[in-house]
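Reminder, nothing fancy here: chain letters follow the sequence lines and each chain counts from 1. When reading the values below, keep in mind they use all heavy atoms of this one structure, side chains included, and skip hydrogens, waters and symmetry mates.
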Amino acid sequence: MGIEPGRLHFSWISSAESTKFVKVATEVTQAVKELGPNRHFVKEKVKVA
Amino acid sequence: MQEYTDKIRQIARRLLEEGTVDMVIGFRKGSMPIMNEPCMVRRPQDVDQLVWDSNCGINLANYLTDRKEKIGVVAKGCDSRNIVTHIIENKIDRDQLHIIGVPCGAMIDKRKIASLVEGEITDVTETEAGKVIVKGEGFEKSFDKAEVLQENCAICIHRNPVVHDEMVAEPVEEQTDVDRYADIREIEAMSDAERKAFFDDLYKECIRCYACRNACPLCYCPTCFVDESRPQWVGKGQNENDIRTFHFLRAYHCAGRCTDCGACERACPVGIKVRMLTKKLEKDCKELFDWEAGISLENRPPLDAYRPNDPDEFIK
Amino acid sequence: MSEWEPKIVSFLCNWCSYGAADLAGVGRMEYPANIRVIRIPCTGRMSPKFALAALREGADGVWVSG
């Protein structure tokens, strides 16, 4: 509906799993980088002169 | 249809005279053709206002939330499912209600009829043979009722009320060979870009009147997210992202609760097919949780109960 | 700025992933700096309006972690 599937991620990480946190954080960043900047859903700020 | 009307009046009169209920919610003739309006009857002498025909598409479950008195309510299939949802969500007590079940013969779509004729419609009547006769300034046309049904009624598989205290007539035969989700599968097969274009086109006419929200029996939050201003989750203007946000969130709030009664689509003044959004969620609930909203009073809806076998493939 | 870097808004549960992030910090592990953390009391606090609001305000990605 305008949001690419790779822009929204869900995960389940216990508070003891810092290695998994680092791994998932890297994966999420990678996935979003591949998609490029979000253009579809950004609300343009109203320009005030 | 006349038998239905007579029977509804007779039941309503009895309930009010006996004092079983304080009021009966039903339909009366609207001031315009094809537009019946909800009607609250409190005195036995007023029951003759009540009618039943194929223009009773408004969902009467909408008028039940947070009421304190005893209510008799006229309910077709979808209304009864929304009443079940209200009971599950503690918006009304089952003991407060006397449900007058109406086996539904499907409702007709005023917009379809208006598109089939030219000029103002002054009268719409129905014959026993399943014809709809439309009269207006200098014309009279007859259509098959099946041609002019509301889209949700054409694919309805729960025409008979699921809960009722008494029925107005014998149950009607349910449709079994309908494909409820053909249009949704088409959308699912689209690419991301096509889908975005499809939805942008779908709600491009939206004027943010919130009629879909107001007509919906599920929408009863004291403050709707669109009216919250601190923080403001969604802007109030015609910005395309705000329109999108409104429609997404409205649809999500109905997930696992929507009974596809069609009230939202019927209420939309610009004819947006808002059901396209809720229907996808309904399909997912059916496929992932084998859930149809408002069918039983015992089961908890999938979104407020945890089961170990809930699907979780999307979670890393 | 030489290369575009995404901004990812992450909603982390206080008791799970936020703890994991804390532990990762204590353990001096390295992870991408694109993550902007918002701590929520529980993943149950998450609402679709948060995700949409983040995207609307210009986030490139949203990550919800329990």
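Of the residues considered (Val42(A), Ile13(A), Thr19(A)), Ile13(A) shows the highest number of contacts with chain C, using heavy-atom pairs under 4.5 Å. For chain A, the option among Pro32(C), Gly19(C), Gly25(C) with the highest count of heavy-atom pairs below 4.5 Å is Pro32(C). Each of Val26(C), Asp22(C), Leu52(C) has some count of heavy-atom pairs under 4.5 Å with chain A, and the biggest count is that of Leu52(C). The most heavy-atom pairs under 4.5 Å with chain A, out of Cys13(C), Gly61(C), Ala51(C), Ala54(C), come from Gly61(C). Among Glu30(C), Met29(C), Met46(C), the residue with the largest count of heavy-atom pairs under 4.5 Å with chain A is Met29(C). The candidate with the highest count of non-hydrogen atom pairs below 4.5 Å against chain C, out of Ser14(A), Ser15(A), Ala31(A), is Ser15(A).
Contact record, Asn38(A) with Ala59(C): ND2-O, 2.8 Å, taken as the closest heavy-atom pair. Minimum heavy-atom separation, Ser18(A) to Ala24(C): CB-N, 3.5 Å. Nearest heavy atoms, Leu23(C) versus Ala16(A): CD2-O, 3.5 Å.
One distance of note links OG of Ser11(A) with CG of Leu12(C); it measures 8.0 Å at 0.5 Å rounding. In this structure, His9(A) NE2 and Ser10(C) OG are separated by 11.0 Å, a value rounded to the nearest 0.5 Å. A distance of 11.0 Å separates CG of Asp60(C) from OG1 of Thr29(A), quoted to the nearest 0.5 Å.
Looking at Thr26(A), the atoms closer than 4.5 Å to chain C (heavy atoms on both sides) sit in the backbone and in the side chain alike. Both the backbone and the side chain of Leu55(C) come within contact range of chain A, with heavy atoms under 4.5 Å apart.
When the salt bridge (Lys or Arg N to Asp or Glu O under 4.0 Å) test is applied to Lys33(A), the partners found at least two apart in sequence or on another chain are Glu5(C). In terms of the ring pair (Phe, Tyr, Trp, His ring centres under 6.0 Å) criterion, residue partners of Tyr31(C) (sequence neighbours excluded) are, by chain and number, Phe21(A).
Panel note: side chain Arg7(A), backbone Val62(C); no donor-acceptor pair is recorded below 3.5 Å.
Residues Val24(A) and Trp63(C) have side chains in contact (heavy-atom distance under 4.5 Å, counting atoms from C-beta outward).
For Arg36(C), the CZ atom is densely surrounded, since the number of other residues' heavy atoms within 6.0 Å is greater than 12. By the 6.0 Å contact criterion, NZ on Lys7(C) is open, its count of non-hydrogen atoms from other residues, nucleotides or ligands being 12 or less.
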Step by step, work out the side-chain contact (heavy atoms from CB on, under 4.5 Å) result for Val28(A) and Ile8(C).
CA-CA 8 Å; Val28(A) 170; Ile8(C) 298 166; 4.0 Å; yes
